[in-house]
Protein chains: 2
Amino acid sequence: MAWMKKLGRASVIAAAGGAITGYIVANDKKKTALASWTTGHTPSVKWDWNWDRREIHSLVKPSKHKSDVNNNILNDNFEDRMEKVRPTVTATRHIIFIRHGQYNLEGAKDSDRYLTKLGREQAALTGERLKCLELPFSRVVFSTMTRATETANIIMEKLSGVEEVESCDLLREGAPIPPEPPIGSWKPEMHKFYADGARIEAAFRKYVHRAPSSQEKDSYELFVCHANVIRYFVCRALQLPPEAWLRMTLYNGSITHLVIRPDGRVGLWQLGDCGYMPPEKLSRT
Amino acid sequence: MAWMKKLGRASVIAAAGGAITGYIVANDKKKTALASWTTGHTPSVKWDWNWDRREIHSLVKPSKHKSDVNNNILNDNFEDRMEKVRPTVTATRHIIFIRHGQYNLEGAKDSDRYLTKLGREQAALTGERLKCLELPFSRVVFSTMTRATETANIIMEKLSGVEEVESCDLLREGAPIPPEPPIGSWKPEMHKFYADGARIEAAFRKYVHRAPSSQEKDSYELFVCHANVIRYFVCRALQLPPEAWLRMTLYNGSITHLVIRPDGRVGLWQLGDCGYMPPEKLSRT
């Protein structure tokens, strides 16, 4: 983990800045003048600090008594109770998404759409990279589709100490939302968007959020799934229009790294990293 | 270049779909019903096909004579003249951005902010990766700041056959636009955004656009510059809110790959790829 410590100033600024700014913005509506000229600007779209419904105010139950509101007691109680919650939200979540390896496109049903020889090699290379990065993964979640499950299994052979391993139907490939701009050659049926869209959004809400207040230290979690799912998650997590997901492309086996700070700030550190693969192993199918 | 041919179906679909969809949408307003259910959806934001003012209609001069409009002659002429332009826009531009290597943060003036030993190693590793990818770079443009110029020089030692090499002040680091969400620890002065913002936008308009109609084959161009510049360019090129630029982080020496199709469709293939660097060489300062 020595290399993590070396990441230096940018990392510290991002972390500290995130925490400080977030606290002021999120926790004290009176102090919105941040220590930066940047706040003099009116952005075209505002960041929603409570995007995952885990903003610190959301963790405190509102008062039960209407009379409290009328007598202006609510706010005092609220601040008091919030003080007890505040110190517990301190951990950063590192969420690493892996796209499955190349697979047999000729297969009619999922079980026939298994990894090709190249796909297995890609998964092994990704596993090697994750191993040498020495990220202390505590959890691996993989889509139940054959190609994702196989990819996860090959990667897990390289990792040790993962406490929690689970598969999940919510992470299966699908059509998250009609892309903008549309693409004429990709034609999922209308009911696919209807069903897959809600299911992939459900996966996002389940897995992509800031750490719970019970989490004491930074975590590293691995999600092995699919290109459409990952691209949609990236747009949603960064609060970009989700229709933009098809403006990104992911290589097979590639690494996408999201960082979620305790205050709800989200950073994309990498999208589609596969530089550890020799050029002849690259594919995007 | 053998690996490029192997990229397979996704690549072909993206290219062909891009061309077909774009043509229908951009060139014939009557045929907006695309061959996809996706077009039944009303997106929250629309893709602007003429974002770089090089959409095919823009390449044909409007008629000089008002009487043509009244007599409905304009449209006929316009279509005739457009036919002559259409076949010439066929090339795809691959734009590869490199962030400079780690540099001496203690330096007061630019010339003292030179690459560290690690920064030079990062640049060499990036050069090696680009060399082994065998991308046929025709052009290298680098920021005139010391750290970017040094990085470009080290990379160019690894590349051969680059015809066009130039430096550019427009690509220097700066404060492109106040970020949303704001970050309290980063405090450029207000006039920085005012001056840098227009200058970095000027750089975007100069360098990031679809191929000109005179370009006959796909091109690969390298731009060696800075984190803020690259992140802002990515947001602008993908038509995402530019205020979102600080939601991304780039490792030193990392590769960001944008692909611009003849019809103006833009794809992000990678952001911040540095998987070819051993973990102990990674930094983000």
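By convention in this document, chain letters (A, B, ...) are assigned in the order of the sequence lines, proteins followed by strands, and residues within each chain are numbered from 1.
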Counting C-beta onward and ignoring hydrogens, is there a side-chain heavy-atom pair between B:Arg265 and A:Ile183 closer than 4.5 Å? yes

Is any side-chain heavy atom of B:Pro279 less than 4.5 Å from a side-chain heavy atom of A:Glu134? no

Quick one: what part of [X] sits under 4.5 Å from any heavy atom of chain A, side chain, backbone, both or neither?
X: B:Lys46; value: both
X: B:Val266; value: backbone
X: B:Pro278; value: backbone

Shorter than 4.5 Å, heavy atoms on both sides: which option in A:Gly267, A:Ala244, A:Cys274 has the most such pairs with chain B? A:Cys274

Top contributor to chain B contacts, counting heavy-atom pairs under 4.5 Å, from A:Leu238, A:Thr256, A:Asp48, A:Val259: A:Leu238

So which heavy atom on [X] is nearest to which on [Y], and how close?
X: B:Pro241; Y: A:Pro241; value: CD-CD, 4.1 Å
X: A:Leu282; Y: B:Arg129; value: CD1-NH2, 4.0 Å
X: B:Gln239; Y: A:Arg247; value: O-NH1, 3.5 Å
X: A:Trp47; Y: B:Glu180; value: N-OE2, 2.6 Å

Please name all residues satisfying ring-ring contact (aromatic ring centres under 6.0 Å, His included) with A:Phe97, sequence neighbours left out, ordered by chain then number. A:Phe223, A:Phe233

Given the rule in the side chain to side chain contact (heavy atoms under 4.5 Å, CB included) test, do B:Leu268 and A:Thr249 qualify, once you have shown the distances and angles that lead to the verdict? CA-CA 6 Å; B:Leu268 178 65; A:Thr249 296; over 6 Å; no

Between CE of A:Met277 and CG of B:Asp273, what distance do you get to the nearest 0.5 Å? 10.0 Å

Audit row: A:Met248, B:Leu271, side chain to side chain contact (heavy atoms under 4.5 Å, CB included) steps and yes/no: CA-CA 10 Å; A:Met248 294 171 263; B:Leu271 177 95; over 6 Å; no

Those residues at least two apart in sequence (or on a different chain) that pass side-chain contact (heavy atoms from CB on, under 4.5 Å) with B:Asn104 are B:Glu106, B:Tyr114

